[in-house]
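So the structure is just underneath, and the comments pick up after that.
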There are 2 protein chains.
Amino acid sequence: MEVTKGKYAADLSSIREAQARINSFIHKTPVMTSESLDAISGRRLFFKCECFQKGGAFKFRGACNAVFSLDDHQAAKGVVTHSSGNHAAALALAAKLRGIPAHIVIPKNAPQCKVQNVVRYGGQVIWSEATVPSREKTATKVLQETGAVLIHPYNDGRIISGQGTISLELLEQAPEIDTIIVPISGGGLISGVALAAKSINPALRVLAAEPKGANDAAQSKAVGRIVTLPETNTVADGLRAFLGELTWPIVRDLVDDIITVDDTEIIEAMRLCYEILKVAVEPSGAIGLAAVLSDSFRNNPVRKDCNQIGIILSGGNVDLEVLWRSFRK
Amino acid sequence: MEVTKGKYAADLSSIREAQARINSFIHKTPVMTSESLDAISGRRLFFKCECFQKGGAFKFRGACNAVFSLDDHQAAKGVVTHSSGNHAAALALAAKLRGIPAHIVIPKNAPQCKVQNVVRYGGQVIWSEATVPSREKTATKVLQETGAVLIHPYNDGRIISGQGTISLELLEQAPEIDTIIVPISGGGLISGVALAAKSINPALRVLAAEPKGANDAAQSKAVGRIVTLPETNTVADGLRAFLGELTWPIVRDLVDDIITVDDTEIIEAMRLCYEILKVAVEPSGAIGLAAVLSDSFRNNPVRKDCNQIGIILSGGNVDLEVLWRSFRK
């Protein structure tokens, strides 16, 4: 599908602008290949290792673009967000680089290592309950008290544009790919990736990978409107958010399909990343590989022509104790 | 120190020839950096990620060079080696690529994942006792039965030349480095690395990192001859071999110093690799970082001018159960 310019919260121009803005701050992450995993999957796989990004996840791209998009007057009062982890650390780091305060609302069930990253980068932690309403309410309170700028984890054109820079790099590093598989949660990552990829090559397929226990995006696509869930249940702590009003139209129009996988498949993919790729990914980060290895993908005749597949390993922040318990189950 | 051409079992010419021979088979592994680890160490660190090499360790470079150095007549009968793991898998893979048999003598205490790699690459496994004499005796028997060529894990000019290709890549990827820290066991890796590095830039410092529980190289340097130990005791299963007559002169002449670290330091460095770099290294692979973080290195006034340090993360093959037990101690 062709991408209509100006229709969405970001476009190829804003993504190229983001690349110019953040290029000196981010890691250009490597693309790794493995003949062993190619043999297991029956496809040629290209792993875009965003777990090696600063802060341990792709989130730094969007956060960096948002923070350095602010004018000096806006920036002076700092930034605020609520996040279960990776966006929080990324925003703290980006704010640190700009020399402004970052107020981070973190739900009490966030992984320990992700909280540590926020603290390491000098972010101010404010705790909330685990629910999205509690996170948003606490963030609003902080906003009022500080006058800082809210940087939403995904429902923000600057964030979407920053995440889209992944596609610019990936298509340069592995121009032969015909398909990109992207974890989906709030939709910021896949929106940026799909906008850039489909603008450059409308024939590229963009597929989302989503946990069965947090399948709001798959349900949304099925019924044609944003669906939210009363609760989510998945080991992939980074994939529990719901689509926003800016990401939904992009997911609706540009994402070709959503592959849902269960936690067992996610853990097995994570193990393969450790044992074969030697890359420490978090559960959310391994879900793209889980999707490629799933029966629903393998047995789908429509996917027979997905032969050169880019997989975004989106993050690597995992508590080793949690990891271990997952592997033992 | 200047490198005298023809004095050792390999030289810059043989290393460049190896590079041309193996280049289409190996991964050019990335060099990673981390501002967090720079801050912790107080130096600028460049991690050469040989854990991402095919077979999960640098060993594939030497094995590939050895196997593709054989003429067709020699190659037809296959290759033999004895190895605790990474060289074994590397040789099996290289032999598979050439389409010849690989007979691999493996001690019974080898890590499970390393044995699995041998099997995955089609190697023929022959078990021996854990001791070096038992390994050598079994290998000799296999040699007699098969007529295959012995490819020693390190005491072989072709192996040393192959490992030396790491320096050619590293100095191109990070030309600013002034020091390289290399794990030492039998000495094949550090011999190749030192020969190439010192030939290109005699002012480069090459330091070895060795476990205290297998410190034969440090003892050898101290007394000026090869010292072997009645037994070794370290979590770093890849670093239990002793120097050979081909590697010893190179280590004696070209390695500036040997830093010994205990297992606790190795495990802590491995944890940092997982948690900060997001790279799955084995204990032997993390020892270079352990050396940089050790008090003996930090407090050594001679090392004050080691500011841009290349660290070879030599391998990533570790049983997750073993890893976990290490972290729990």
Between CD1 of A/Ile267 and CG of A/Leu272, what distance do you get to the nearest 0.5 Å?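 Result: 11.5 Å between the selected atoms.
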
Please check: side-chain N/O of [X] versus main-chain N/O of [Y], any donor-acceptor pairing under 3.5 Å?
X: B/Asp263; Y: B/Val235; value: yes
X: B/Thr81; Y: B/Ile151; value: yes
X: B/Arg240; Y: B/Ser185; value: no
X: B/Glu172; Y: B/Glu169; value: no

Where do B/Ile181 and B/Ala291 come nearest, in terms of heavy atoms and distance?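 That closest heavy-atom pairing would be CG2-CB, 4.3 Å.
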
Shortest non-hydrogen contact from B/Leu45 to B/Asp38?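 The pair with the smallest heavy-atom distance is N-OD1, 2.9 Å.
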
Chain B contact via A/Leu277 - which portion, at a heavy-atom distance below 4.5 Å: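 Answer is backbone: N, CA, C or O of A/Leu277 sit under 4.5 Å from chain B.
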
Check whether A/Glu35 gets within reach of chain B through its side chain, its backbone, both or neither, counting any heavy atom under 4.5 Å.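 For A/Glu35, the contact with chain B is made by the side chain alone.
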
State, without any angle test, whether A/Lys48 and A/Gln173 hold a side-chain donor-acceptor pair at a distance under 3.5 Å.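 Short answer, yes.
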
So, A/Asn86 and A/Glu282: side-chain donor and acceptor under 3.5 Å apart, yes or no?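 Judged by distance alone, the side chains do pair up.
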
Is any residue of residues 90-104 of chain B within less than 4.5 Å of chain A by heavy atoms, and which ones?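 None at all.
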
Can you name the residues of residues 52-65 of chain B that have some heavy atom under 4.5 Å away from a heavy atom in chain A?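 So the qualifying residues are B/Phe52, B/Lys54, B/Gly56.
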
May I have the step-by-step check of salt bridge (charged side-chain N to carboxylate O under 4.0 Å, His left out) for B/Arg44 and B/Glu176, ending in yes or no? CA-CA 10 Å; B/Arg44 178 95 173 118; B/Glu176 60 270 63; 5.7 Å; no

Structural part of B/Ser36 lying under 4.5 Å from a heavy atom of chain A: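 For B/Ser36, side-chain heavy atoms alone lie under 4.5 Å from chain A.
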
A/Glu50/B/Lys278 ion pair, N-O < 4.0 Å: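 Judged by the 4.0 Å cut-off on N to carboxylate O distance, A/Glu50 and B/Lys278 do not form a salt bridge.
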
